Amino acid sequence: MSVAAPSFVDFREVWLAYSDELAARNEFAVEDISLQTRDGEFIAIVGPSGCGKSTFMKLATGLRRPTKGTVTIAGQQVTGPLKIVGMAFQAPTLLPWRTTLDNVLLPLEIVEPYRSSFKAKRAQYADRARRLLATVGLQGYEDKFPWQLSGGMQQRASICRALIHEPKMLLLDEPFGALDAFTREELWNVLRDLWTTQRFNVILVTHDLREAVYLADTVYVMSKRPGRILARRENPLPRPRDLEITYTEPFTALVHELRERIGSIRKS
């Protein structure tokens, strides 16, 4: 009999209130969240605004500890901020006085075990950063400042910064939400290719149902606040996926199914 592999992300009956006073009044941001992911799985979390998607991210990174329940990542219960995580947000948040290369290198300057050896190994780390930048189409832009880059280029650099310390998990909070449709689809493929090559774990929070269906192995639908997981939908679309699949009936059917679920949440 085969033994199931342990979950990489494991939420067990997790509740979070942002203060003891709110907990005493049973006012929770998220409630009774149970979720398990396989190692290397790409999941997306969708739902109406204010449903607790970003709160879920804080719990997964250890920036918030649950009021009730447990969060386990890579076999270890989360009790504080994790070093094995990279994060990228809707705003690239690149430091304006640093070049693209220096922005990407920033985590290695501040996160151990890299911090203590950064000066001695800077050339080695810079080579790693250049290779990563090349994989997302930013070769030749290493010495440019953020104001010299388009929004899409800044977001590519932001993703490289999130991955430079080779994290086991990448958390993405609406990373492409501020970009135009063409740039957004380009970056879907950039992320797809990086994940296909490196197979890090991904949690993507997004309002874009097409994005969730295109990228994820599994999509979770959250309720209105207090956030609960109302549905888990495994994505049957075969990999590798390219943009042509977004025009097919199975793709649009899955998008519509998720939209109907969220629509029913808003009406309830």
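A quick note: this is a predicted structure, and the numbers were derived from the prediction, not measured. As a basis for the values below, the full set of heavy atoms in this structure was taken, side chains included, without hydrogen atoms, waters or symmetry mates.
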Problem - Verify same cluster id: Trp195, Val219 (apolar side-chain graph, 4.5 Å) - result: yes
Completion exercise
Residue set satisfying ring pair (Phe, Tyr, Trp, His ring centres under 6.0 Å) with Tyr214, at least two apart, ordered chain then number -> Trp188
Completion exercise
Residues passing the side chain to side chain contact (heavy atoms under 4.5 Å, CB included) test with Phe145, sequence neighbours excluded, are Thr99, Trp147, Gln148
Exercise for the section: Kindly write out the residues that satisfy side chain to side chain contact (heavy atoms under 4.5 Å, CB included) with Pro81, not counting sequence neighbours, or none if the list is empty. Expected result: Leu63
Fill in the blank from the handout: With sequence neighbours left out, the residues meeting side chain to side chain donor-acceptor pair (under 3.5 Å) with Thr197 are none
Completion exercise
Cluster membership besides Phe182, Ile/Leu/Val/Met/Phe/Trp/Tyr side chains within less than 4.5 angstrom, sorted by chain and number, is none
Exercise for the section: Check whether more than 12 heavy atoms from other residues, nucleotides or ligands sit under 6.0 Å from atom CZ of Arg232, and answer yes or no. Expected result: yes
Practice task
Flag the pair Glu174 and Lys53 as a salt bridge only when some basic side-chain nitrogen lies within less than 4.0 angstrom of an acidic carboxylate oxygen.
Solution key: no
Exercise for the section: Could you list who else is in Trp15's hydrophobic cluster, with ILVMFWY side chains joined at under 4.5 Å, directly or through other members? Expected result: Phe28
Handout entry: Gln139 atom CD, over 12 foreign heavy atoms within 6.0 Å
Key = no
Problem - ring-ring contact (aromatic ring centres under 6.0 Å, His included) partners of residues 45-84, not counting sequence neighbours, each pair once - result: Phe11-Phe56
Practice task
Taking atom OH of Tyr114 as the centre, report whether more than 12 heavy atoms of other residues, nucleotides or ligands fall under 6.0 Å from it.
Solution key: yes
Problem - Crowding at CD, Gln76 (>12 non-hydrogen neighbours, <6.0 Å) - result: no
Practice task
Under the side chain to side chain contact (heavy atoms under 4.5 Å, CB included) rule, collect the residues that match up with Ala253, sequence neighbours excluded.
Solution key: Glu249
Problem - Residues Glu257 and Arg259 bridged, charged N to O under 4.0 Å - result: no
Problem - With Phe89 via ring pair (Phe, Tyr, Trp, His ring centres under 6.0 Å) - residues at least two apart - result: none
Handout entry: Donor-acceptor under 3.5 Å (Asp217 side chain, Glu41 main chain)
Key = no
Problem - Residue list, side chain to side chain contact (heavy atoms under 4.5 Å, CB included) with Cys160, at least two apart or on another chain - result: Val104, Leu132, Leu133, Val136
Handout entry: Summary of salt bridge (Lys or Arg N to Asp or Glu O under 4.0 Å) pairs that have at least one residue in residues 54-69, sequence neighbours excluded
Key = none
Problem - Pairs meeting criterion salt bridge (Lys or Arg N to Asp or Glu O under 4.0 Å) with involvement of residues 91-104, two or more places apart - result: Arg98-Glu109, Asp102-Arg122
